[in-house]
Amino acid sequence: MDLTSETLTPPALIGLALLDGTSIGTLVVPLILLVSGTGGARRVVRGTLLYLGVIGVFYLVLGVALLAGLLPLAHALRGLLTGTVGTVLIAVVGAALLWASFRTDPKAVRRRGGDPEASARRWTQRAGRALGSPRALVGLALLAGTIEAASMLPYLAAMGILAEQEVGLGVGALVLTGYCLLMIAPALVLCGIRLLLGSRADRTLDRVHTWAVGSSASALSWALGIIGVILLLQTVGPIIGALAR
């Protein structure tokens, strides 16, 4: 199986980055800081930019470190992954991710008696306690990055793409830099709106915050589903061809 086909071109990486940009750490928490902060628009935006800078650098450093390990691993496993057995295994993983996307859908979680928005509300409380303290904002960003790292499936998928294409660590680091910038771009736009409009943007940002809290519950479900579909699309053809021979 060749994962370098059109399904995994730069537009796919851009889509994954923007999907990562709707997570709790990259959108919900910055919105809380922008909506709840006091002391004038400039001070609020400075604090939010500090948070975004730290979490962006955190993900970049983490990504480069993981990519450094993935590149030799992908090279060693290339023969296995391009064979029929590897293709079937990847198809199974894709199907499992697709199934998991339905299990983690907020409606399914509610039917099982769970609360899909509980995590977002906890982060709202944490962000509220960090307001006004640069040290607390840095700690909040590092905490968000650490806790969310395992669930940032689009980011992990992007690193898998780069490893499979064997772009090299230098090029991979540049791509991940662009990826991380795109990941925080939605929050940066909202910072610009807050800076330009001041308190007049509060109502709009509050609405976006309400939407983000609700949509963050489904972000993981969408990420699982999208990656699962990508893997299945890449493997169905080769598997059918192998069976037809």
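What you see is a predicted model; the values in this text were computed from it and never measured.
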> Distance from C191 atom SG to Y51 atom OH, nearest 0.5 Å?
Replying inline: 11.5 Å
> Would you say the side chain of P30 lies within less than 4.5 Å of the side chain of L52, judging by non-hydrogen atoms?
Replying inline: yes
> Where is the tightest heavy-atom contact between V64 and A173, given as atom of each residue plus distance?
Replying inline: CG2-CB, 3.9 Å
>> Restricting to non-hydrogen atoms, name the atom on L33 and the atom on V44 that form the minimum distance, rounded to 0.1 Å.
In response: O-CG1, 3.4 Å
>> I need the minimum non-hydrogen distance between L18 and L182, along with the two atoms involved.
In response: CD2-O, 4.0 Å
>> Show the nearest heavy-atom pair for residues T26 and E148, with the distance to one decimal.
In response: N-OE1, 4.4 Å
>> Quick check: closest heavy atoms across A91 and L232, and the distance to 0.1 Å?
In response: O-CD2, 3.4 Å
> Does any non-hydrogen side-chain atom of L27 lie less than 4.5 Å from one of I24?
Replying inline: no
> Once you round to the nearest 0.5 Å, how far does CD1 of I55 lie from CG of L137?
Replying inline: 12.0 Å
>> Measuring from atom CG of L176 to atom CE of M183, what distance do you get when rounded to the nearest 0.5 angstrom?
In response: 9.5 Å
>> So, using side chain to side chain donor-acceptor pair (under 3.5 Å) as the criterion, who are the partners of Y179 when residues are at least two apart?
In response: D20
> Hey, what do you get for CG (L60) to OG1 (T177), rounding to the nearest 0.5 Å?
Replying inline: 4.5 Å
> Between V57 and L156, is there a shared hydrophobic cluster once you connect ILVMFWY residues whose side-chain heavy atoms come closer than 4.5 Å?
Replying inline: no
> Do you know which two heavy atoms are closest between A127 and L140, and how far apart they sit?
Replying inline: CA-CD2, 3.8 Å
> Side-chain contact, heavy-atom cut-off 4.5 Å: V138 with L142?
Replying inline: yes
> What is the distance from atom CG of L66 to atom OH of Y155, rounded to the nearest 0.5 Å?
Replying inline: 8.0 Å
> Does one hydrophobic cluster hold both L169 and L174, with members joined at side-chain heavy-atom distances below 4.5 Å?
Replying inline: no
>> Once side-chain contact (heavy atoms from CB on, under 4.5 Å) is applied, do any residues pair with A136, and if so which ones, sequence neighbours excluded?
In response: A130, S133
> In Å and rounded to the nearest 0.5 Å, what is the OG1 to CG distance from T48 to L31?
Replying inline: 9.0 Å
> Any link between V189 and L49 through a network of hydrophobic side chains (Ile, Leu, Val, Met, Phe, Trp, Tyr) touching at under 4.5 Å?
Replying inline: yes
>> Among residues at least two apart in sequence or on other chains, which ones pass side-chain contact (heavy atoms from CB on, under 4.5 Å) with V175?
In response: L13, L162, V171
